Chemist: 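What follows is a single structure, and I will ask about it in a moment.
Lettering of chains follows the sequences in order, A, B, ..., and the numbering in each one begins at 1. Computed from a predicted structure; not experimentally measured.
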Protein chains: 2
Amino acid sequence: MAADQAVWPDDLFADLDRTGPVPLYFQVSSRLEAAIRSGDIPPGARLENEIAIGHRLGLSRPTVRRAIQEVVDKGLLVRRRGIGTQVVQGQVTRQVELTSLYEDLQNAQHDPATRVLTHETRTVPADVADQLGVSTGSDVLYLRRQRSSDGVPVALLENWLPADFSDIPREQLEQQGLYQILRSRGVAIRVAKQRIGARREHGDEAELLDIERGGPLLTMERVAYDASGHAVEFGRHCYRPDMYSFETTLVAK
Amino acid sequence: MAADQAVWPDDLFADLDRTGPVPLYFQVSSRLEAAIRSGDIPPGARLENEIAIGHRLGLSRPTVRRAIQEVVDKGLLVRRRGIGTQVVQGQVTRQVELTSLYEDLQNAQHDPATRVLTHETRTVPADVADQLGVSTGSDVLYLRRQRSSDGVPVALLENWLPADFSDIPREQLEQQGLYQILRSRGVAIRVAKQRIGARREHGDEAELLDIERGGPLLTMERVAYDASGHAVEFGRHCYRPDMYSFETTLVAK
DNA sequence: AAGTGGTCTAGACCACGTT
DNA sequence: ACGTGGTCTAGACCACTTG
(Lines give C-alpha, C1' and ligand atoms only; values in the text may rest on other atoms or scores of the structure.)
Protein backbone atom coordinates (compact mmCIF):
# COMPACT_ATOMS: atom_id res chain seq x y z
CA MET A 1 0.00 0.00 0.00
CA ALA A 2 2.99 2.26 -0.27
CA ALA A 3 2.01 3.54 -3.69
CA ASP A 4 -1.16 5.42 -2.81
CA GLN A 5 -0.06 6.31 0.67
CA ALA A 6 -1.06 9.68 2.03
CA VAL A 7 1.26 12.41 0.79
CA TRP A 8 2.16 15.69 2.43
CA PRO A 9 5.43 17.46 1.64
CA ASP A 10 5.79 18.81 5.14
CA ASP A 11 8.59 21.29 4.54
CA LEU A 12 6.20 23.18 2.27
CA PHE A 13 3.74 23.80 5.07
CA ALA A 14 5.95 24.49 8.03
CA ASP A 15 5.96 28.25 8.39
CA LEU A 16 2.56 29.88 8.75
CA ASP A 17 2.37 33.61 9.39
CA ARG A 18 -0.04 34.15 12.25
CA THR A 19 0.66 37.86 12.60
CA GLY A 20 0.14 39.16 9.06
CA PRO A 21 -3.16 39.94 7.34
CA VAL A 22 -3.18 36.80 5.18
CA PRO A 23 -5.72 34.28 6.48
CA LEU A 24 -4.33 30.94 7.58
CA TYR A 25 -6.70 28.97 5.36
CA PHE A 26 -5.49 31.01 2.40
CA GLN A 27 -1.84 30.42 3.16
CA VAL A 28 -2.48 26.71 3.28
CA SER A 29 -4.74 26.55 0.21
CA SER A 30 -2.41 28.57 -2.00
CA ARG A 31 0.61 26.45 -1.12
CA LEU A 32 -1.43 23.31 -1.60
CA GLU A 33 -2.57 24.53 -5.01
CA ALA A 34 1.00 25.39 -6.00
CA ALA A 35 2.23 21.99 -4.88
CA ILE A 36 -0.38 20.27 -7.02
CA ARG A 37 0.15 22.45 -10.09
CA SER A 38 3.90 21.97 -9.87
CA GLY A 39 3.52 18.21 -9.55
CA ASP A 40 5.09 18.03 -6.07
CA ILE A 41 1.85 16.35 -5.09
CA PRO A 42 1.19 14.14 -8.11
CA PRO A 43 -2.19 13.29 -9.73
CA GLY A 44 -3.98 10.56 -7.79
CA ALA A 45 -2.09 11.19 -4.57
CA ARG A 46 -4.08 10.94 -1.35
CA LEU A 47 -3.91 13.65 1.27
CA GLU A 48 -3.79 12.94 4.99
CA ASN A 49 -7.09 13.25 6.78
CA GLU A 50 -8.18 16.67 7.92
CA ILE A 51 -7.59 16.21 11.61
CA ALA A 52 -4.06 14.93 11.06
CA ILE A 53 -3.26 17.85 8.81
CA GLY A 54 -4.66 20.24 11.36
CA HIS A 55 -2.54 18.66 14.07
CA ARG A 56 0.54 18.81 11.90
CA LEU A 57 0.03 22.49 11.10
CA GLY A 58 -1.31 23.53 14.47
CA LEU A 59 -4.66 24.44 12.98
CA SER A 60 -8.22 23.53 13.87
CA ARG A 61 -10.15 21.21 11.62
CA PRO A 62 -12.52 23.90 10.24
CA THR A 63 -9.56 25.95 9.09
CA VAL A 64 -7.99 22.98 7.36
CA ARG A 65 -11.33 22.09 5.81
CA ARG A 66 -11.72 25.55 4.42
CA ALA A 67 -8.25 25.48 2.89
CA ILE A 68 -8.94 22.14 1.25
CA GLN A 69 -12.36 23.27 0.07
CA GLU A 70 -10.79 26.19 -1.77
CA VAL A 71 -8.66 23.79 -3.77
CA VAL A 72 -11.60 21.43 -4.33
CA ASP A 73 -13.57 24.36 -5.76
CA LYS A 74 -10.79 24.96 -8.24
CA GLY A 75 -11.16 21.40 -9.48
CA LEU A 76 -7.76 20.18 -8.32
CA LEU A 77 -8.91 17.92 -5.47
CA VAL A 78 -11.79 15.51 -5.02
CA ARG A 79 -13.26 14.55 -1.66
CA ARG A 80 -15.11 11.34 -0.87
CA ARG A 81 -16.71 10.59 2.43
CA GLY A 82 -15.26 7.52 4.06
CA ILE A 83 -12.36 7.54 1.60
CA GLY A 84 -10.35 10.70 1.76
CA THR A 85 -9.12 13.50 -0.42
CA GLN A 86 -7.29 12.91 -3.68
CA VAL A 87 -5.64 14.95 -6.40
CA VAL A 88 -7.58 14.66 -9.65
CA GLN A 89 -6.03 12.83 -12.57
CA GLY A 90 -5.29 14.66 -15.76
CA GLN A 91 -3.40 17.82 -16.49
CA VAL A 92 -4.45 20.90 -14.62
CA THR A 93 -5.66 23.98 -16.44
CA ARG A 94 -6.36 27.43 -15.22
CA GLN A 95 -9.72 28.66 -14.06
CA VAL A 96 -11.83 31.23 -15.87
CA GLU A 97 -11.66 34.13 -13.51
CA LEU A 98 -13.21 37.49 -13.05
CA THR A 99 -10.59 39.43 -14.92
CA SER A 100 -10.57 41.35 -18.15
CA LEU A 101 -9.10 40.05 -21.35
CA TYR A 102 -6.17 42.45 -20.96
CA GLU A 103 -5.13 40.84 -17.70
CA ASP A 104 -5.71 37.36 -19.16
CA LEU A 105 -3.24 38.15 -21.87
CA GLN A 106 -0.78 39.75 -19.46
CA ASN A 107 -0.88 36.65 -17.27
CA ALA A 108 -0.29 34.45 -20.27
CA GLN A 109 2.88 36.47 -20.83
CA HIS A 110 1.87 37.95 -24.11
CA ASP A 111 2.23 41.55 -25.10
CA PRO A 112 -1.24 43.07 -25.13
CA ALA A 113 -2.01 46.31 -26.87
CA THR A 114 -5.19 48.35 -27.16
CA ARG A 115 -6.35 50.73 -29.87
CA VAL A 116 -9.27 52.94 -28.90
CA LEU A 117 -11.53 53.17 -31.94
CA THR A 118 -14.37 55.13 -30.35
CA HIS A 119 -14.56 57.02 -27.05
CA GLU A 120 -17.62 59.23 -26.68
CA THR A 121 -20.69 60.00 -24.66
CA ARG A 122 -23.90 58.76 -26.24
CA THR A 123 -27.55 58.38 -25.44
CA VAL A 124 -27.94 54.84 -24.14
CA PRO A 125 -29.49 52.30 -26.53
CA ALA A 126 -32.66 50.73 -25.19
CA ASP A 127 -31.28 47.20 -24.80
CA VAL A 128 -28.18 48.45 -23.01
CA ALA A 129 -30.21 50.66 -20.67
CA ASP A 130 -32.07 47.55 -19.68
CA GLN A 131 -28.89 45.65 -18.85
CA LEU A 132 -27.17 48.54 -17.07
CA GLY A 133 -30.25 49.50 -15.09
CA VAL A 134 -30.07 53.18 -16.13
CA SER A 135 -33.09 55.18 -17.26
CA THR A 136 -33.78 55.30 -20.98
CA GLY A 137 -32.51 58.42 -22.72
CA SER A 138 -29.69 59.02 -20.24
CA ASP A 139 -26.09 59.51 -21.31
CA VAL A 140 -23.48 56.77 -21.07
CA LEU A 141 -19.84 56.39 -22.05
CA TYR A 142 -19.44 54.27 -25.19
CA LEU A 143 -16.12 52.59 -25.95
CA ARG A 144 -15.01 50.55 -28.90
CA ARG A 145 -11.55 49.09 -28.67
CA GLN A 146 -9.37 46.76 -30.68
CA ARG A 147 -7.28 44.42 -28.59
CA SER A 148 -4.13 42.79 -29.94
CA SER A 149 -1.68 40.24 -28.61
CA ASP A 150 1.88 40.20 -29.90
CA GLY A 151 0.73 42.44 -32.73
CA VAL A 152 -2.11 40.18 -33.89
CA PRO A 153 -5.68 41.48 -33.46
CA VAL A 154 -7.58 39.23 -31.06
CA ALA A 155 -10.79 40.97 -30.12
CA LEU A 156 -13.15 43.89 -30.66
CA LEU A 157 -14.57 45.25 -27.43
CA GLU A 158 -17.68 47.39 -27.17
CA ASN A 159 -18.49 48.71 -23.69
CA TRP A 160 -21.09 50.98 -22.14
CA LEU A 161 -20.57 52.60 -18.73
CA PRO A 162 -22.61 55.05 -16.64
CA ALA A 163 -21.80 58.71 -17.35
CA ASP A 164 -19.83 59.01 -14.08
CA PHE A 165 -17.01 57.29 -15.91
CA SER A 166 -16.94 59.66 -18.90
CA ASP A 167 -13.76 61.26 -17.60
CA ILE A 168 -11.70 58.11 -18.11
CA PRO A 169 -9.06 59.42 -20.52
CA ARG A 170 -8.51 57.76 -23.87
CA GLU A 171 -4.79 57.45 -23.14
CA GLN A 172 -5.38 55.37 -20.01
CA LEU A 173 -7.51 52.98 -22.02
CA GLU A 174 -4.59 52.36 -24.34
CA GLN A 175 -2.38 51.39 -21.41
CA GLN A 176 -4.60 49.45 -19.01
CA GLY A 177 -7.47 47.02 -18.97
CA LEU A 178 -10.88 48.45 -18.16
CA TYR A 179 -11.17 46.51 -14.91
CA GLN A 180 -7.75 47.74 -13.80
CA ILE A 181 -8.91 51.31 -14.41
CA LEU A 182 -12.12 50.75 -12.50
CA ARG A 183 -10.23 49.23 -9.58
CA SER A 184 -7.90 52.23 -9.45
CA ARG A 185 -11.01 54.41 -9.14
CA GLY A 186 -12.19 52.35 -6.19
CA VAL A 187 -14.76 50.32 -8.11
CA ALA A 188 -14.35 46.60 -7.54
CA ILE A 189 -16.27 44.16 -9.71
CA ARG A 190 -17.82 41.50 -7.54
CA VAL A 191 -20.30 39.70 -9.76
CA ALA A 192 -20.57 39.38 -13.52
CA LYS A 193 -23.08 37.61 -15.71
CA GLN A 194 -21.97 36.62 -19.15
CA ARG A 195 -23.26 34.84 -22.18
CA ILE A 196 -20.93 33.19 -24.67
CA GLY A 197 -22.02 32.52 -28.22
CA ALA A 198 -20.99 32.64 -31.86
CA ARG A 199 -22.06 34.47 -34.99
CA ARG A 200 -20.90 35.46 -38.43
CA GLU A 201 -18.62 38.46 -38.89
CA HIS A 202 -20.27 41.57 -40.30
CA GLY A 203 -19.49 45.21 -40.99
CA ASP A 204 -15.89 46.24 -40.45
CA GLU A 205 -15.06 43.35 -38.14
CA ALA A 206 -13.27 41.26 -40.74
CA GLU A 207 -10.93 44.12 -41.51
CA LEU A 208 -10.27 45.02 -37.87
CA LEU A 209 -9.65 41.42 -36.83
CA ASP A 210 -7.83 40.49 -40.03
CA ILE A 211 -10.07 37.52 -40.80
CA GLU A 212 -11.99 36.30 -43.81
CA ARG A 213 -15.23 38.12 -44.69
CA GLY A 214 -18.23 36.28 -43.27
CA GLY A 215 -16.04 34.12 -41.04
CA PRO A 216 -17.07 32.86 -37.58
CA LEU A 217 -16.67 34.96 -34.43
CA LEU A 218 -16.76 33.96 -30.78
CA THR A 219 -18.90 36.44 -28.87
CA MET A 220 -19.37 37.40 -25.23
CA GLU A 221 -21.88 39.72 -23.58
CA ARG A 222 -21.31 40.69 -20.00
CA VAL A 223 -22.91 42.77 -17.27
CA ALA A 224 -20.63 43.50 -14.32
CA TYR A 225 -21.81 44.56 -10.86
CA ASP A 226 -19.92 46.29 -8.05
CA ALA A 227 -19.98 45.47 -4.36
CA SER A 228 -23.27 47.25 -3.81
CA GLY A 229 -24.88 45.23 -6.59
CA HIS A 230 -25.20 48.09 -9.08
CA ALA A 231 -24.35 47.47 -12.73
CA VAL A 232 -21.07 49.14 -13.62
CA GLU A 233 -20.40 47.98 -17.14
CA PHE A 234 -22.05 46.30 -20.09
CA GLY A 235 -19.82 44.78 -22.71
CA ARG A 236 -20.38 43.17 -26.08
CA HIS A 237 -17.19 41.60 -27.32
CA CYS A 238 -16.15 39.45 -30.25
CA TYR A 239 -13.03 37.35 -30.54
CA ARG A 240 -11.04 35.76 -33.32
CA PRO A 241 -11.81 32.09 -32.69
CA ASP A 242 -8.35 30.96 -33.76
CA MET A 243 -6.78 33.27 -31.16
CA TYR A 244 -9.02 32.96 -28.14
CA SER A 245 -11.33 30.56 -26.32
CA PHE A 246 -12.90 30.31 -22.88
CA GLU A 247 -11.75 27.67 -20.42
CA THR A 248 -13.81 26.71 -17.40
CA THR A 249 -13.56 24.18 -14.65
CA LEU A 250 -16.94 23.06 -13.35
CA VAL A 251 -17.29 21.40 -9.94
CA ALA A 252 -20.43 19.57 -8.85
CA LYS A 253 -21.73 21.10 -5.64
CA MET B 1 -34.47 54.59 6.58
CA ALA B 2 -37.50 52.41 6.16
CA ALA B 3 -36.79 51.77 2.48
CA ASP B 4 -33.59 49.78 2.79
CA GLN B 5 -34.47 48.24 6.12
CA ALA B 6 -33.38 44.70 6.77
CA VAL B 7 -35.77 42.24 5.20
CA TRP B 8 -36.59 38.71 6.22
CA PRO B 9 -39.93 37.12 5.31
CA ASP B 10 -40.03 35.11 8.48
CA ASP B 11 -42.89 32.77 7.63
CA LEU B 12 -40.69 31.40 4.85
CA PHE B 13 -38.05 30.25 7.29
CA ALA B 14 -40.04 28.95 10.20
CA ASP B 15 -40.04 25.20 9.80
CA LEU B 16 -36.64 23.57 9.59
CA ASP B 17 -36.43 19.79 9.45
CA ARG B 18 -33.82 18.71 11.97
CA THR B 19 -34.53 15.00 11.60
CA GLY B 20 -34.28 14.46 7.84
CA PRO B 21 -31.13 14.02 5.77
CA VAL B 22 -31.23 17.53 4.28
CA PRO B 23 -28.58 19.76 5.87
CA LEU B 24 -29.85 22.80 7.72
CA TYR B 25 -27.64 25.20 5.75
CA PHE B 26 -29.08 23.78 2.55
CA GLN B 27 -32.67 24.16 3.69
CA VAL B 28 -31.99 27.80 4.49
CA SER B 29 -29.97 28.58 1.35
CA SER B 30 -32.44 27.02 -1.04
CA ARG B 31 -35.39 28.89 0.46
CA LEU B 32 -33.37 32.07 0.47
CA GLU B 33 -32.49 31.57 -3.18
CA ALA B 34 -36.12 30.90 -4.07
CA ALA B 35 -37.24 34.00 -2.20
CA ILE B 36 -34.77 36.14 -4.15
CA ARG B 37 -35.55 34.61 -7.53
CA SER B 38 -39.27 35.00 -6.95
CA GLY B 39 -38.84 38.62 -5.92
CA ASP B 40 -40.14 38.10 -2.37
CA ILE B 41 -36.83 39.59 -1.31
CA PRO B 42 -36.38 42.37 -3.87
CA PRO B 43 -33.13 43.55 -5.52
CA GLY B 44 -31.18 45.85 -3.24
CA ALA B 45 -32.83 44.57 -0.07
CA ARG B 46 -30.60 44.18 2.97
CA LEU B 47 -30.61 40.99 5.03
CA GLU B 48 -30.46 40.97 8.80
CA ASN B 49 -27.03 40.34 10.24
CA GLU B 50 -25.89 36.77 10.60
CA ILE B 51 -26.21 36.48 14.34
CA ALA B 52 -29.76 37.82 14.32
CA ILE B 53 -30.74 35.39 11.60
CA GLY B 54 -29.16 32.56 13.53
CA HIS B 55 -31.06 33.54 16.64
CA ARG B 56 -34.31 33.81 14.71
CA LEU B 57 -33.86 30.36 13.17
CA GLY B 58 -32.30 28.68 16.16
CA LEU B 59 -29.07 28.10 14.27
CA SER B 60 -25.46 28.84 15.05
CA ARG B 61 -23.68 31.57 13.17
CA PRO B 62 -21.43 29.25 11.09
CA THR B 63 -24.50 27.42 9.79
CA VAL B 64 -26.16 30.67 8.81
CA ARG B 65 -22.94 31.89 7.22
CA ARG B 66 -22.67 28.77 5.15
CA ALA B 67 -26.26 29.12 3.94
CA ILE B 68 -25.67 32.73 2.94
CA GLN B 69 -22.35 31.88 1.31
CA GLU B 70 -24.08 29.37 -0.97
CA VAL B 71 -26.33 32.12 -2.28
CA VAL B 72 -23.41 34.56 -2.57
CA ASP B 73 -21.57 32.00 -4.69
CA LYS B 74 -24.54 31.90 -7.04
CA GLY B 75 -24.22 35.61 -7.57
CA LEU B 76 -27.53 36.55 -5.93
CA LEU B 77 -26.17 38.20 -2.79
CA VAL B 78 -23.26 40.51 -2.10
CA ARG B 79 -21.55 40.80 1.27
CA ARG B 80 -19.64 43.83 2.56
CA ARG B 81 -17.79 43.91 5.81
CA GLY B 82 -19.08 46.59 8.13
CA ILE B 83 -22.15 47.02 5.93
CA GLY B 84 -24.14 43.87 5.62
CA THR B 85 -25.55 41.54 3.01
CA GLN B 86 -27.61 42.77 0.07
CA VAL B 87 -29.46 41.28 -2.86
CA VAL B 88 -27.76 42.23 -6.14
CA GLN B 89 -29.52 44.58 -8.51
CA GLY B 90 -30.49 43.43 -11.94
CA GLN B 91 -32.43 40.46 -13.14
CA VAL B 92 -31.27 37.07 -11.99
CA THR B 93 -30.24 34.40 -14.46
CA ARG B 94 -29.46 30.79 -13.99
CA GLN B 95 -26.03 29.39 -13.34
CA VAL B 96 -24.06 27.23 -15.75
CA GLU B 97 -24.10 23.91 -14.01
CA LEU B 98 -22.54 20.54 -14.35
CA THR B 99 -25.31 18.98 -16.36
CA SER B 100 -25.59 17.72 -19.87
CA LEU B 101 -27.29 19.58 -22.66
CA TYR B 102 -30.20 17.16 -22.49
CA GLU B 103 -30.97 18.12 -18.93
CA ASP B 104 -30.45 21.81 -19.74
CA LEU B 105 -33.13 21.53 -22.37
CA GLN B 106 -35.41 19.52 -20.11
CA ASN B 107 -35.11 22.14 -17.41
CA ALA B 108 -35.90 24.87 -19.90
CA GLN B 109 -39.13 22.98 -20.58
CA HIS B 110 -38.39 22.13 -24.16
CA ASP B 111 -38.86 18.77 -25.76
CA PRO B 112 -35.41 17.30 -26.34
CA ALA B 113 -34.78 14.43 -28.72
CA THR B 114 -31.66 12.51 -29.63
CA ARG B 115 -30.72 10.68 -32.82
CA VAL B 116 -27.75 8.36 -32.50
CA LEU B 117 -25.69 8.72 -35.69
CA THR B 118 -22.76 6.52 -34.69
CA HIS B 119 -22.35 4.03 -31.83
CA GLU B 120 -19.29 1.83 -32.11
CA THR B 121 -16.08 0.71 -30.49
CA ARG B 122 -12.99 2.26 -32.04
CA THR B 123 -9.28 2.53 -31.45
CA VAL B 124 -8.79 5.74 -29.54
CA PRO B 125 -7.39 8.71 -31.52
CA ALA B 126 -4.11 10.01 -30.11
CA ASP B 127 -5.44 13.39 -28.98
CA VAL B 128 -8.41 11.79 -27.24
CA ALA B 129 -6.23 9.18 -25.52
CA ASP B 130 -4.27 12.08 -24.08
CA GLN B 131 -7.39 13.74 -22.71
CA LEU B 132 -8.99 10.56 -21.39
CA GLY B 133 -5.78 9.28 -19.86
CA VAL B 134 -6.07 5.86 -21.52
CA SER B 135 -3.14 4.16 -23.23
CA THR B 136 -2.73 4.74 -26.96
CA GLY B 137 -4.13 2.01 -29.15
CA SER B 138 -6.78 0.93 -26.64
CA ASP B 139 -10.44 0.63 -27.52
CA VAL B 140 -13.02 3.23 -26.59
CA LEU B 141 -16.72 3.77 -27.21
CA TYR B 142 -17.31 6.43 -29.83
CA LEU B 143 -20.67 8.19 -30.03
CA ARG B 144 -22.00 10.74 -32.44
CA ARG B 145 -25.42 12.10 -31.69
CA GLN B 146 -27.72 14.77 -33.05
CA ARG B 147 -29.65 16.66 -30.40
CA SER B 148 -32.88 18.50 -31.21
CA SER B 149 -35.19 20.73 -29.24
CA ASP B 150 -38.83 21.00 -30.23
CA GLY B 151 -37.93 19.33 -33.51
CA VAL B 152 -35.16 21.78 -34.44
CA PRO B 153 -31.57 20.45 -34.52
CA VAL B 154 -29.48 22.21 -31.89
CA ALA B 155 -26.22 20.35 -31.52
CA LEU B 156 -23.93 17.59 -32.78
CA LEU B 157 -22.30 15.67 -29.97
CA GLU B 158 -19.18 13.54 -30.35
CA ASN B 159 -18.15 11.58 -27.27
CA TRP B 160 -15.43 9.10 -26.38
CA LEU B 161 -15.73 6.85 -23.29
CA PRO B 162 -13.55 4.07 -21.85
CA ALA B 163 -14.45 0.63 -23.18
CA ASP B 164 -16.17 -0.32 -19.90
CA PHE B 165 -19.12 1.69 -21.16
CA SER B 166 -19.41 -0.05 -24.54
CA ASP B 167 -22.49 -1.90 -23.34
CA ILE B 168 -24.56 1.26 -23.09
CA PRO B 169 -27.39 0.43 -25.50
CA ARG B 170 -28.19 2.66 -28.42
CA GLU B 171 -31.82 2.81 -27.37
CA GLN B 172 -31.00 4.26 -23.96
CA LEU B 173 -28.99 7.02 -25.63
CA GLU B 174 -32.08 8.04 -27.57
CA GLN B 175 -34.07 8.42 -24.37
CA GLN B 176 -31.67 9.89 -21.82
CA GLY B 177 -28.78 12.29 -21.52
CA LEU B 178 -25.32 10.76 -21.26
CA TYR B 179 -24.79 12.05 -17.75
CA GLN B 180 -28.12 10.60 -16.65
CA ILE B 181 -27.03 7.22 -17.99
CA LEU B 182 -23.69 7.44 -16.25
CA ARG B 183 -25.37 8.36 -12.96
CA SER B 184 -27.71 5.39 -13.25
CA ARG B 185 -24.60 3.22 -13.58
CA GLY B 186 -23.20 4.67 -10.39
CA VAL B 187 -20.75 7.04 -12.05
CA ALA B 188 -21.10 10.57 -10.77
CA ILE B 189 -19.31 13.39 -12.58
CA ARG B 190 -17.59 15.60 -10.05
CA VAL B 191 -15.27 17.82 -12.06
CA ALA B 192 -15.25 18.85 -15.69
CA LYS B 193 -12.90 21.02 -17.68
CA GLN B 194 -14.26 22.63 -20.77
CA ARG B 195 -13.15 24.99 -23.49
CA ILE B 196 -15.65 27.03 -25.46
CA GLY B 197 -14.81 28.38 -28.89
CA ALA B 198 -16.12 28.92 -32.39
CA ARG B 199 -15.30 27.73 -35.87
CA ARG B 200 -16.71 27.40 -39.35
CA GLU B 201 -19.05 24.51 -40.19
CA HIS B 202 -17.52 21.75 -42.27
CA GLY B 203 -18.36 18.28 -43.59
CA ASP B 204 -21.92 17.14 -42.99
CA GLU B 205 -22.58 19.55 -40.12
CA ALA B 206 -24.54 22.09 -42.16
CA GLU B 207 -26.94 19.41 -43.27
CA LEU B 208 -27.33 17.83 -39.83
CA LEU B 209 -27.85 21.15 -38.09
CA ASP B 210 -29.91 22.68 -40.91
CA ILE B 211 -27.71 25.74 -41.27
CA GLU B 212 -26.01 27.52 -44.12
CA ARG B 213 -22.85 25.94 -45.57
CA GLY B 214 -19.75 27.50 -44.04
CA GLY B 215 -21.74 29.19 -41.31
CA PRO B 216 -20.45 29.77 -37.76
CA LEU B 217 -20.63 27.11 -35.04
CA LEU B 218 -20.27 27.40 -31.28
CA THR B 219 -18.00 24.61 -30.03
CA MET B 220 -17.27 22.99 -26.69
CA GLU B 221 -14.67 20.43 -25.69
CA ARG B 222 -15.00 18.79 -22.31
CA VAL B 223 -13.21 16.24 -20.17
CA ALA B 224 -15.28 14.95 -17.26
CA TYR B 225 -13.87 13.27 -14.16
CA ASP B 226 -15.56 10.99 -11.62
CA ALA B 227 -15.25 11.08 -7.84
CA SER B 228 -11.92 9.26 -7.89
CA GLY B 229 -10.50 11.79 -10.31
CA HIS B 230 -10.39 9.48 -13.33
CA ALA B 231 -11.48 10.78 -16.72
CA VAL B 232 -14.84 9.29 -17.67
CA GLU B 233 -15.74 11.08 -20.85
CA PHE B 234 -14.29 13.32 -23.52
CA GLY B 235 -16.70 15.30 -25.64
CA ARG B 236 -16.37 17.51 -28.68
CA HIS B 237 -19.64 19.26 -29.35
CA CYS B 238 -20.86 21.89 -31.74
CA TYR B 239 -24.01 24.00 -31.40
CA ARG B 240 -26.18 26.07 -33.67
CA PRO B 241 -25.33 29.55 -32.43
CA ASP B 242 -28.85 30.84 -33.02
CA MET B 243 -30.24 28.09 -30.78
CA TYR B 244 -27.78 27.82 -27.93
CA SER B 245 -25.33 29.86 -25.87
CA PHE B 246 -23.51 29.48 -22.56
CA GLU B 247 -24.46 31.59 -19.58
CA THR B 248 -22.18 31.98 -16.59
CA THR B 249 -22.22 33.94 -13.38
CA LEU B 250 -18.76 34.81 -12.13
CA VAL B 251 -18.17 35.79 -8.51
CA ALA B 252 -14.94 37.40 -7.32
CA LYS B 253 -13.41 35.29 -4.58
C1' DA C 1 -15.01 -1.95 13.76
C1' DA C 2 -12.32 1.69 12.18
C1' DG C 3 -11.50 5.65 9.53
C1' DT C 4 -13.04 9.22 6.60
C1' DG C 5 -15.42 13.49 5.28
C1' DG C 6 -20.15 16.13 6.27
C1' DT C 7 -22.47 18.80 9.46
C1' DC C 8 -23.20 21.58 13.55
C1' DT C 9 -22.42 24.14 17.91
C1' DA C 10 -21.08 28.20 20.97
C1' DG C 11 -18.26 30.80 21.69
C1' DA C 12 -13.89 34.30 20.54
C1' DC C 13 -11.18 38.09 18.43
C1' DC C 14 -10.30 40.98 14.51
C1' DA C 15 -10.76 44.36 10.39
C1' DC C 16 -13.59 47.29 8.23
C1' DG C 17 -17.01 50.96 7.36
C1' DT C 18 -20.35 53.95 9.36
C1' DT C 19 -21.96 57.16 12.87
C1' DA D 1 -18.20 53.82 19.57
C1' DC D 2 -20.74 50.62 17.24
C1' DG D 3 -22.27 47.08 14.13
C1' DT D 4 -20.98 44.36 10.33
C1' DG D 5 -18.82 40.43 8.13
C1' DG D 6 -14.05 37.65 8.22
C1' DT D 7 -11.52 34.40 10.63
C1' DC D 8 -10.52 30.86 14.02
C1' DT D 9 -10.99 27.48 17.81
C1' DA D 10 -12.13 22.91 20.10
C1' DG D 11 -14.89 20.22 20.47
C1' DA D 12 -19.37 16.96 18.97
C1' DC D 13 -22.27 13.64 16.39
C1' DC D 14 -23.44 11.54 12.04
C1' DA D 15 -23.17 9.05 7.35
C1' DC D 16 -20.58 6.64 4.42
C1' DT D 17 -16.91 3.34 2.87
C1' DT D 18 -13.69 -0.17 3.55
C1' DG D 19 -11.74 -4.19 5.95
Chemist: Could you tell me which residues satisfy side-chain hydrogen bond (donor to acceptor under 3.5 Å, both in side chains) with A:Asp226, sequence neighbours excluded, listed by chain and number?
Modeler: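 Scan of A:Asp226 (side-chain hydrogen bond (donor to acceptor under 3.5 Å, both in side chains), adjacent residues dropped) gives A:Ser228.
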Chemist: What is the distance, rounded to the nearest whole Å, between atom CD1 of B:Ile51 and atom P of D:dC2?
Modeler: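 Rounded to whole Å, this separation is 16 Å.
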Chemist: Does B:Ser138 use its side chain to pair, donor to acceptor, with the backbone of B:Val134 at less than 3.5 Å?
Modeler: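 No; zero donor-acceptor contacts below 3.5 Å.
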Chemist: Among all residues two or more places apart in sequence or in another chain, which pass the side chain to side chain contact (heavy atoms under 4.5 Å, CB included) test with B:Ser166?
Modeler: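 Once residues adjacent in sequence are excluded, the partners of B:Ser166 under the side chain to side chain contact (heavy atoms under 4.5 Å, CB included) criterion are B:Thr121, B:Leu141, B:Ala163.
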Chemist: Run the side-chain hydrogen bond (donor to acceptor under 3.5 Å, both in side chains) test against B:Gln172 and tell me which residues pass, sequence neighbours left out.
Modeler: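 In terms of side-chain hydrogen bond (donor to acceptor under 3.5 Å, both in side chains), with neighbours along the sequence ignored, B:Gln172 is linked to B:Gln176.
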Chemist: Under 4.0 Å: is that the gap between some side-chain N or O of B:Asn49 and OP1 or OP2 of D:dG3?
Modeler: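 Answer is no, no contact under 4.0 Å.
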Chemist: Using whole Å, report how far CZ of B:Arg79 lies from P of C:dA15.
Modeler: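 That distance rounds to 19 Å.
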Chemist: If I take atom CZ in residue B:Arg46 and atom P in nucleotide D:dT4, what distance separates them, rounded to the nearest angstrom?
Modeler: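 So the two atoms are 8 Å apart, to the nearest Å.
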Chemist: Measure from CD on B:Gln27 to P on C:dT7 and round the result to the nearest Å.
Modeler: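 Atom-to-atom, B:Gln27 to C:dT7, this comes out as 12 Å.
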Chemist: Bend angle of the helix from C:dA1-D:dT18 to C:dT18-D:dA1 from five-pair axes at both ends, rounded to 10°?
Modeler: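 Both end axes considered, the difference amounts to 10°.
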Chemist: Name all residues meeting the side chain to side chain contact (heavy atoms under 4.5 Å, CB included) criterion together with A:Arg66; count only those two or more places apart in sequence or in a different chain, and write none if there are none.
Modeler: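 With sequence neighbours excluded, A:Arg66 shows a side chain to side chain contact (heavy atoms under 4.5 Å, CB included) to A:Tyr25, A:Glu70, given in chain and number order.
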Chemist: Does B:Arg80 place a side-chain N or O at less than 4.0 Å from the phosphate oxygens OP1/OP2 of D:dT4?
Modeler: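 False: B:Arg80 side-chain N/O out of range (4.0 Å or more) of D:dT4 OP1/OP2.
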Chemist: Can you list the residues that meet the side-chain hydrogen bond (donor to acceptor under 3.5 Å, both in side chains) rule with B:Arg80, with sequence neighbours excluded?
Modeler: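 Here the qualifying residues are B:Gln86.
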Chemist: Check the surroundings of atom CZ in A:Arg236: do more than 12 heavy atoms from other residues, nucleotides or ligands lie under 6.0 Å from it?
Modeler: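 Yes, because the 6.0 Å sphere around CZ of A:Arg236 holds more than 12 heavy atoms from other groups.
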Chemist: Can you tell me the distance, in whole Å, between the CD1 atom of B:Ile53 and the P atom of D:dT4?
Modeler: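 Rounding to the nearest Å, CD1 of B:Ile53 and P of D:dT4 are 10 Å apart.
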Chemist: Give the rounded distance in Å between these two atoms: CG of B:Leu47 and C1' of D:dG3.
Modeler: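 Distance, rounded to whole Å: 16 Å.
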Chemist: The criterion is ring pair (Phe, Tyr, Trp, His ring centres under 6.0 Å); which residues satisfy it with B:Tyr142, sequence neighbours excluded?
Modeler: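 Expected list: B:Trp160.
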Chemist: For B:Thr19, enumerate each residue passing the side-chain hydrogen bond (donor to acceptor under 3.5 Å, both in side chains) test, keeping only those at least two apart in sequence or located in another chain.
Modeler: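 Per chain and number, B:Thr19 pairs via side-chain hydrogen bond (donor to acceptor under 3.5 Å, both in side chains) with B:Asp17.
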Chemist: Any chance you could list the contact pattern along nucleotides 8-16 of chain D? Use B for base contacts, S for sugar-phosphate-only contacts and - for none, protein heavy atoms under 4.0 Å, 5' to 3'.
Modeler: SBB-B--BB
